[in-house]
Amino acid sequence: MIIVLDRRSTELRASVDGGELEPVGDLAAFVARFERDRPRWVWDDTSWWYPQLLAARVRVDRCFDLRLCHSILRLSELTAGSQLATAPIGPWDRPALEPRPRDDALFELDDADAEPLPDPVAEFQAQRAAVAASSEPGRIDRLLAVESAGALIAAEMQYAGLPWRAREHDEILTRILGPRPRAGERPARLAAVLERVRAAIDVPDLNPDSPVELLKHLRNAGLAVASTSQWELADIEHPVIEPLLEYKKLARLLSANGWTWLETWVADGRFRPDYVPGGVVTGRWATSGGGALQLPKQIRGAVVADPGWSLVVADAAQLEPRILAALAGDRAMMTAGAAGDLYAGIVASGTVETRDQAKVGMLGAMYGGTTGESGRILPRLARAYPRAIGLVEEAARAGERGEKVTTRLGRSSPPPSEAWREAQADASGESATEAATKRARSQARSWGRFTRNFVVQGSAAEWALCWMASIRARLRELADGAWFTDSAHLVFFLHDEIVVHCPAGQAESVAAAVRESAEEAGRLLFGSWPERFPVTVAIVDNYGQAK
DNA sequence: GTACTGGGCCAC
DNA sequence: AAACGTGGCCCAGTAC
């Protein structure tokens with residue numbers, strides 16, 4: 001069953017299985033009634049519809065998020081010839097849709113130039129047509145389904161929140177920075193280390209938070225530095241270095257995740273980040289506000305399970321190189337990963353000497369690194385794993401030619417900008433200057449690094465979506481009809497890592513579900529292909545205790 | 001006052 | 001004195 005929901009008028013309407021649009025009356029009651037038949041809900045934007053349903057304690061199993069699906073179909077090479085992909089840019093291509101029209105006349109006056117919301121029924125039909133005409137409808141349809149499932153999960157995680165102990169957070173800050181000071185003052189330990197910085201270069205009123213000022217005084221003190229970043233300072237011998245690096249560390253914690261952050265983002269014992277599914281070109285999630293995807297390890301100790309509950313923390317081991325091995329069908333690399341630690345397996349094969357070399361080399365291959373140790377190791381990896389390394393090299397060459405690349409399930413990279421194309425065209429002309437050629441070459445390489453990484457990062461993001469969707473389905477079975485936050489539920493996601501909050505008695509079942517879901521995600525992407533996706537699972541009270 | 005940019009650094 | 005992918009957020013500094 002398919003139900004398209006429409007919010008173009010203040011009276012919400014629905015089309016059931018292709019029927020006429022009819023008023024729904026009370027939305028939550030309507031959805032709850034039809035949800036018993038497990039329809040696929042089709043709506044313009046999950047972040048508009050779903051939070052209000054959750055607030056009314058109505059959960060849905062499946063949806064199509066038309067805006068997210070549109071942006072995939074618009075760019076995908078698998079639907080390149082479709083009407084949807086060739087139509088002019090329209091309202092479905094906007095990053096976020098406009099809010100619901102209001103009755104309020106004044107508001108409408110203000111809002112007069114806002115574009116009307118588009119027709120979801122017509123858009124759904126256009127999307128189905130694009131999928132049906134695709135060279136690989138199964139892949140793209142799976143991508144649309146898991147992308148949409150991700151949108152449901154993001155809304156559910158925000159509703160549930162990550163359990164957060166403000167007192168524990170305060171204790172961590174106090175231990176590292178000193179007690180919370182009055183507004184505008186530095187905490188004691190931060191102030192003390194700043195005095196050591198000022199003394200070391202004899203500048204009593206130094207403002208260490210101004211890079212320009214700091215750089216000037218460091219150079220006056222005789223340090224041959226071009227910036228104040230830690231990678232440059234770390235190697236220098238001078239009494240100011242140690243306290244300065246310490247100051248930067250503490251100041252970062254204070255400004256990014258200090259007491260102000262705590263007051264802004266934690267309420268009622270929960271941190272509720274605003275996840276943005278599909279917010280990154282590669283298909284990764286982004287966040288807006290709260291910085292959930294940059295939660296520093298230092299403060300993860302403030303994430304504490306409720307009394308009688310546990311946290312199941314799981315992360316996929318060496319996800320990206322495993323994805324690459326599977327994408328490329330590189331048996332040798334799969335063999336390296338079969339026993340557990342992929343990097344250790346590369347060492348065991350005799351390709352490199354240390355685990356760190358294996359890791360640096362693989363990351364360099366996937367990011368396009370050419371200098372330093374990763375550059376030196378790459379040729380050895382290329383000999384041992386010609387298919388895997390060949391795949392990322394080919395993705396880079398395609399990008400340098402201005403072509404698209406596509407992930408496992410069918411998300412394609414955007415085309416390079418018009419300026420990029422012009423630069424390439426200028427460089428190939430007869431009258432091209434040496435500078436123009438050099439600039440074009442540099443831009444081409446840069447775009448090649450982007451497409452090189454896109455294939456791996458984007459396919460890994462698809463794996464993670466499949467993993468989460470599968471976990472969500474298994475946890476629903478485990479809940480046995482209970483409201484989802486009263487049973488095991490997802491509370492956190494970090495690219496290749498998830499956290500489930502669950503009654504302690506469920507923890508072992510959840511751990512099993514998480515492992516089974518990782519296997520299922522591998523099958524959803526690669527069928528019966530033998531690459532394995534092992535996950536490390538920890539059952540803890542406190543996120544800081546995991547790994 | 002707000003809007004924007006660059007430096008810097010956190011995560012993967 | 002950066003390179004080597006994807007981001008967000010804070011701060012200082014500047015333009016308006």
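So you know, we letter chains A, B, ... as the sequences are listed, proteins then strands, and number each from 1.
For DNA chain B, no neighbouring residue in residues 365-400 of chain A is found when judged by any heavy atom under 4.0 Å. Listed in residue order, the members of residues 196-210 of chain A having a heavy atom less than 4.0 Å from DNA chain B come to none.
Under the salt bridge (charged side-chain N to carboxylate O under 4.0 Å, His left out) criterion, A:Arg383 pairs with no residue, sequence neighbours left out. Residues passing the salt bridge (charged side-chain N to carboxylate O under 4.0 Å, His left out) test with A:Glu246: none are found, sequence neighbours excluded. Residues passing the salt bridge (charged side-chain N to carboxylate O under 4.0 Å, His left out) test with A:Glu434: none are found, sequence neighbours excluded. Scanning for salt bridge (charged side-chain N to carboxylate O under 4.0 Å, His left out) contacts around A:Arg376 gives an empty result, with sequence neighbours left out. The side-chain contact (heavy atoms from CB on, under 4.5 Å) check on A:Glu418 picks up A:Arg421, A:Glu422, with sequence neighbours excluded.
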Donor-acceptor contacts under 3.5 Å from residues 288-300 of chain A side chains, at least two apart:
from	atom 1	to	atom 2	distance (Å)
A:Arg300	NE	A:Leu295	O	3.2
A:Arg300	NH2	A:Leu295	O	2.9

Under 3.5 Å donor-acceptor pairs involving side-chain atoms of residues 314-322 of chain A, not counting sequence neighbours:
from	atom 1	to	atom 2	distance (Å)
A:Asp315	OD1	A:Thr536	OG1	2.7
A:Gln318	OE1	A:Arg322	NH2	2.9
A:Gln318	OE1	A:Leu342	N	3.0
A:Arg322	NE	A:Ala317	O	2.9
A:Arg322	NH1	A:Gly337	O	3.1
A:Arg322	NH2	A:Gly337	O	3.4
A:Arg322	NH2	A:Gly340	O	2.3

Name the atoms and distances for all side-chain donor-acceptor pairs under 3.5 Å in residues 194-201 of chain A, with sequence neighbours left out.
from	atom 1	to	atom 2	distance (Å)
A:Glu195	OE2	A:Arg198	NH1	2.9
A:Arg196	NH2	A:Glu242	OE1	2.4
A:Arg198	NE	A:Pro204	O	3.3
A:Arg198	NE	A:Leu206	O	3.1
A:Arg198	NH2	A:Leu206	O	2.8

Nucleotides 6-10 of chain C: which of its N/O atoms have a protein N/O under 3.5 Å away?
from	atom 1	to	atom 2	distance (Å)
C:dT6	O4'	A:Gln457	NE2	3.1
C:dT6	O2	A:Arg284	NH1	3.3
C:dG8	O4'	A:Gln294	OE1	3.0
C:dG8	N2	A:Gln294	NE2	3.4
C:dG8	N3	A:Gln294	NE2	2.7
C:dC9	OP1	A:Gly289	N	2.2
C:dC9	OP1	A:Gly290	N	3.4

Report each atom pair, protein N/O against N/O of nucleotides 1-7 of chain B, whose distance is under 3.5 angstrom.
none

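Base contact: A:Trp231 has a heavy atom under 4.0 Å from a base atom.
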